[in-house]
Amino acid sequence: VSVFHWRAGDSIPYGTPEHANAYGPHDGMIKSAQTLFGTIDFLGFPQRYALIEAAQASGTAEFALALDTPVPVPGGMTTMGELKAGDKVYDENGLVQDVIQAHDVHCDEPCYRLVFSDGTEIIADAQHKWQTRANQKSKADRSQFTAMWTTEQIAGSLWRKHAIPVAPAPDGPEADLPADPYWFGLWLGDGSRQSGAVTMLVADAEEVARYLDNAVITEYGSTPNMRSIRIDGFHGVMHRLGLHKAKCIPEEYFHGSAKQRLALLQGLMDADGAVHAKGCVILGLSDKLLMDQVRRLVNGLGMVAPKLSLCPGGRPVTGASAGKGYISRDSWKLTWNAPDLMFRLRRKAERQRTDFASSKIIGWRYIRSCKPVESVLVRCITVSGPSHLFLVTEAMIATRNSDFDDQQPDAFITDDQGRTSGLRQGPGELWTLRAQSVGQFTPADPSGFIKVWDQCVQAISVTTGTPFRFFSDPG
C-alpha cells in the first residue's frame, strides 16, 4: 500500500517529484492532516483511495486569536471573546457562515503579533493557521504557491513574502438609511453642519444633481462660479443623528448593501477626492476620526486601505497651488489603488485608473512582521463552510478556524471511476484516531487505514503486517 502524506491545504501528495519545490517547512505538530491512499490493489480489488480529514480531541487542534480581535458580523462588529455558537461570520468570499462552536479561552500560549502591509495588527498563538501565497524555497525560483502555515512558521519564513488575498465586499439587502448614501457622502466632504447644504462648482453641482432626487440648486452668495445644493428634509436628519455637532459615518451605513456603501464613498470622493498622476485615488480630510471610518469603508468594499499619511499644518501650500496660502491645520491623506470607479463626476472618473488586475499589490495584503509578544488570552471558533476560513479585523483578513470537531470524521471512498460514497467511521470499518489514540480497524481492508503521525503509520504496519512505503518530508 502506498501512503502519501498530505497536509490540510496541500494540492500535491508528498513523495511526488513536485514535492521538493511545493512545500514549506514541515511542522511535526500539525494538528490536522489529510491522508491519501493511492494505488491500492489488494487481493484483486480495484484501485481505490480514501480521503479522510481526521478530527482531534478538545484542545489539540485549536488555532487561537486574542480575545479583543475584531470580527465583522452581519449588522456590526464583535470580538473573538464575544462570539458564541449560532452567531454569523463572513468567510473569505464575503458569504455568511455559522459559528458552530466557540471554544474555551486559553492562557499562557506562545503568541505573535502579525503586522500587515496596510498597518493592520493581529495577535495570534503560535499554532494559529493562515492560508497564504508564498514564494518558493529557492530564491532563484520566483514562482509562488498557496499553502497553510502556522503563525510560528510564518515568523521563520518572512522572506517568502506571505500574502493573504483581499476578501470581496460582503453584500446583502439594501438598508433603509436615513439619507441617500451618495448625498450623505457629498455632505461629509463639502457640506455645512449649520445649513445642511453642499457647496460645489457650478458644473459639478449640475452634474451631481442628476444622481439625486429632490435636489435644489441655488446661488451661493455673490460667488458666480459656485452653487449650493440642498435636499429637502436632510437638515432634520442631520440634527436627529447629532451630525450638526461633528461629522461621522453612522454605523448603519457600514451595513447597507455593497452598492449603497460604494455610493457613500463615491459621494465623499466627488466632494473631496482627487486622482494621482499615476491613476490611484486620493482623499484628504482634517478629521482623523472620519478618516479612520473611511478606511473601514474602503476595506469593507474589497480594497486595501493603507495607513494614513499625516500632512502637518502651519506650512505653505506646495505643488500646483504653491503660493496660494498656508495649510492652517493638520490633515490626513489616504491613497489607494481602486479596481472600480470611485467617482461619479466625469472630470475625476476619466482620470482614474482601474486596470490594476495584473498588479502584485492590489488584491493582496502582505505580512510585513511576525514577532513574539507577551502571551495574552486567546480562543478559537469553528465555522461552517468548506474552506473553514473567516474574516477578522476591520480590514477583513481571512484566517483559519479550529479543526476541532465533536463529530467523528467521515471517510470518502472513491473508486477508479471517480464514484464517491461516504463511510462513517466506526469499529471494524475505519481505524479510529482521537488525539493520537489507536482504535479498531479491519486489517483485511486497506482503505480502512489512516495515519496522521509517523509513529501511527509504523504502529499500523507492525500490527497488521502490511508493508508500507511512507514518504515523509525530506526537509
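These values consider heavy atoms only, across backbone and side chains, with no hydrogens, waters or symmetry-generated copies.
- One distance of note links CG of L301 with CG of N299; it measures 9.0 Å at 0.5 Å rounding.
- Both tests hold for R296 against F254: distance to the six-membered ring centre under 6.0 Å, angle to the ring axis within 45°.
- Using modelled atom types, one finds a donor on one side chain and an acceptor on the other under 3.5 Å when comparing H128 with T399.
- Between V281 and Q352, the closest side-chain pair of non-hydrogen atoms falls below 4.5 Å.
- For NZ of K247, the number of neighbouring non-hydrogen atoms (other residues, nucleotides, ligands) closer than 6.0 Å is greater than 12.
- Atom NZ of K288 has more than 12 neighbouring heavy atoms from other residues, nucleotides or ligands inside a 6.0 Å radius.
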Checklist line | D98/K88 under salt bridge (charged side-chain N to carboxylate O under 4.0 Å, His left out): CA gap, chis, key distance, verdict | finding: CA-CA 5 Å; D98 295 315; K88 308 289 185 182; 2.3 Å; yes

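- Remark: S384 OG to D91 CG distance equals 8.0 Å, nearest 0.5 Å.
- More than 12 heavy-atom neighbours from other residues, nucleotides or ligands sit within 6.0 angstrom of CZ on R193.
- The distance from atom CD1 of I100 to atom CD1 of I381, rounded to the nearest 0.5 Å, is 9.5 Å.
- At least one side-chain heavy atom of P306 sits under 4.5 Å from a side-chain heavy atom of L334.
- In this structure, R365 fails the cation-pi test against F116, since its NZ or CZ atom is not both closer than 6.0 Å to the six-membered ring centre and inside 45 degrees of the ring normal.
- Considering only heavy atoms from C-beta on, M303 comes within 4.5 Å of L265 through its side chain.
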Show every donor-acceptor pair shorter than 3.5 Å between a side-chain atom in residues 164-182 and any protein atom, with sequence neighbours excluded, or say none if there are none.
| residue | atom | partner | partner atom | Å |
| --- | --- | --- | --- | --- |
| D171 | OD1 | A258 | N | 2.9 |
| D180 | OD1 | Y182 | N | 2.9 |
| D180 | OD1 | W183 | N | 3.0 |
| Y182 | OH | D270 | OD2 | 2.6 |

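- Checked options R160, K161, Q144; the residue passing with N135 is Q144 (criterion: side-chain hydrogen bond (donor to acceptor under 3.5 Å, both in side chains)).
- For the side-chain contact (heavy atoms from CB on, under 4.5 Å) with H162, the qualifying choice from Y366, W149, W130 is W149, the only one to do so.
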